[in-house]
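Here's the structure we're looking at; comments come further down.
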Amino acid sequence: MSNENPNFLTPNSRPAPQTLGEFLIDNQSDFPFASGELTRLLNSIRLAAKVVNHNVNQAGLVDITGAAQNINVQGEEQMKLDVFADVTFINTLTNREIVCGIASEENEDFIVVSGSDGGHKQHYVVLIDPLDGSSNIDINAPVGTIFSIYRRITPQGTPCKIEDFLQPGNMQVAAGYVLYGTSTIMVFTTGNGVNGFTLNPALGTYYLSHPNMRFPEKGNIYSINEGKYATFPQGVKDYLKYCQKEEGDRPYTSRYIGALAADFHRSLIKGGIFLYPQTSKAPTGKLRLLYECNPIAMLAEQAGGKASDGEQRIMEVKPTELHQRVPFFCGNAKMVEDVEGFIAKTKKVKAKA
Ligand code: AHM
Ligand code: MG
C-alpha cells in the first residue's frame, strides 16, 4: 500500500528520544531483583527532583515577588531550600510506600517507614543528600541531590534497623544524582552502566541525553578546594605539585564548583579527578561516606573510573555510623591511582623515619 495518503504516517527515520519512564520500563528486567519495586522507587525520586528543580529555579525570585508569599497560610516562614528539598524527598518516598526506611544528611537519625497497613513489607532503604552544595544557591551556581539505594538486610515485615543503612557501598543496588545546573539532569546506575536523562522543563519529562556514560580515556582536570592546601597531607600536596608541573600532558587544568554532583559531572564528561582529602582540622575529611561518597563511587566505577579514600576502595569501607566522613578521591582511574601512589610514598617515607 502506498503512503501517498497524507493520513498514512510512517515513523521518522530518526528514532524518538527515550524518556526516563520508558527507559525504566524497558530495562526493568535488568534491575537487581526485578520486582518493579526499584522502578517505582526511581520513579518517585525523579518526581521529587522535579518539584525541587522547580523551587531551585525560583531561588532569588521569592525575595522579589514573594513578600506576601514568604509566609504561608499557617503563618510559617518560607522554608529554606535545603529543608524544602529534604521534606519533599522524604514525603514523596514515604507517601508511596516504596521504602522501609530513609536516612538523610539533613537529619540526625534515620526514619522508619511503615505501610498504610502498619506493616513493613518494603525491601529498600534510601540514603539521600537532598540538596548538596546548598551554599551555591545564593550565587546562582549548580547544586545537586545525591542518592543511594540498598536492599534491607533485616527481615522483611519488621521495622528497618541501623544495620540496613550501615552497609558498605559495594552492596548498593542503585545510586545517582540530580544536577540542577544550566539544565537539570538525572544520572543514575542500577549496576549496568551509567545513564543521564535531561529534564525538558516545558514538558516535565526527562529524556535519555547521555546514554552509557564513561570517563574519557584520559583526564586533565583536577578539582579541589586549594585554599586548604597548607592543611593537606604531604602525599596530596605532592600530587598537586605533580598536576601543576609542566611536563608531558601537564600542567592539568584546575576547576572547582564546590558542589560534588557538579564537580563529579564535569570529571565524568571531560575527564578529571575530584579530591576532598583529610585536613589537619578535619582528620577524616568533610564528605559523608553514606550520602555522598558511596553513591558517587558506584557511578564512578560503573563509568570506568575509581573512587578511593587515598588507600582503600571507597565502596569497601565498612560504615560504623550514619554521618561518617571520609577522605575522597574520585575520577579517571589513572588519576586516582596516581594520587594513591603519592600518598603511599609519603607513608613509606614516614614508616622508614
Ligand atoms: P553540603 O552537603 O553541606 O552542601 O557540603 C558538601 C559540599 C560538597 O558538595 C562539596 O564538594 C564540598 O562540600 C565543598 O566544601 P568546601 O566548601 O569545603 O570546599
Ligand atoms: Mg552534602
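This chain uses plain numbering: 1 for the first residue, then up along the sequence. Just follow the structure's listing: the first ligand is 1, and inside any ligand the first atom is 1.
- Protein heavy atom nearest atom 10 (C) of ligand 1, with residue, atom name and distance: G258 O, 3.5 Å.
- For ligand 1 and A259, the ligand atoms under 4.0 Å from any heavy atom of the residue are 9 (O).
- With 3.5 Å as the limit, one finds no donor-acceptor pair spanning the side chains of N200 and T205.
- Every salt bridge (Lys or Arg N to Asp or Glu O under 4.0 Å) that R313 has, sequence neighbours left out, goes to E301, E316.
- Using a 4.0 Å heavy-atom cutoff, E292 is listed among the residues neighbouring ligand 1.
- Atoms of ligand 1 lying under 4.0 Å from at least one heavy atom of F274, given by number and element, are 11 (O).
- Of the protein's heavy atoms, Y276 OH, 2.5 Å lies nearest to atom 18 (O) of ligand 1.
- Checked by distance only, ligand 1 and G133 come closer than 3.5 Å through their nitrogen or oxygen atoms.
- Under a cut-off of 6.0 angstrom, the local environment of NZ in K281 is sparse, with at most 12 non-hydrogen atoms contributed by other residues, nucleotides or ligands.
- Ring centers of Y242 and F342: under 6.0 Å apart, within the cut-off.
- For atom 6 (C) of ligand 1, the nearest non-hydrogen atom of the protein is D132 OD1, 3.3 Å.
- Protein heavy atom closest to atom 19 (O) of ligand 1, with residue, atom name and distance, is Y256 OH, 2.5 Å.
- Defined by atom type and a distance below 3.5 Å, a donor-acceptor pair is missing between the side-chain atoms of T231 and S280.
- Heavy-atom separations between Y291 and ligand 1 are all 4.0 Å or longer.
- For ligand 1, the atoms closer than 4.0 angstrom to any heavy atom of K228 are 18 (O).
- Short contacts between ligand 1 and S134, defined as distances under 4.0 Å to a heavy atom of the residue, involve ligand atoms 4 (O).
- At a heavy-atom cutoff of 4.0 Å, ligand 1 is contacted by the side chain of N225 but not by its backbone.
- Both tests do not hold together for R255 against Y222: distance to the six-membered ring centre under 6.0 Å, angle to the ring axis within 45°.
- For an aromatic pair to be called close, the ring centres must be under 6.0 Å apart, and F23 with F197 satisfies this.
- Residue K286 holds the heavy atom nearest to atom 5 (O) of ligand 1 of all those in K286, E105, R288.
- Within the 3.5 Å criterion, the main-chain N or O of T154 finds a donor-acceptor partner in the side chain of D164.
- Within the 4.0 Å heavy-atom criterion, the part of D129 lying near ligand 1 is the side chain and not the backbone.
- Without hydrogens or angle criteria, N225 side chain to G227 main chain gives a donor-acceptor distance under 3.5 Å.
- The nearest N/O/S atom of D129 to the Mg ion (ligand 2) is OD2.
- Under a 4.0 Å criterion applied to the non-hydrogen atoms of L260, ligand 1 contributes the atoms 8 (C), 9 (O), 10 (C), 11 (O).
- Contact annotation: the side chain of F84 approaches that of V51 to within less than 4.5 Å [non-hydrogen atoms, C-beta and beyond].
- Residue E292 approaches the Mg ion (ligand 2) most closely through its N/O/S atom OE2.
- Considering backbone and side-chain N/O atoms, L131 never comes within less than 3.5 Å of an N/O atom of ligand 1.
- Residue I25 is found outside any hydrophobic cluster, as its side-chain heavy atoms come under 4.5 Å of no other Ile, Leu, Val, Met, Phe, Trp or Tyr.
- Aromatic rings from H323 and Y291 are positioned such that their centres are separated by under 6.0 Å.
- The Mg ion (ligand 2) is closest to atom OD1 of D132 (considering only N, O or S atoms).
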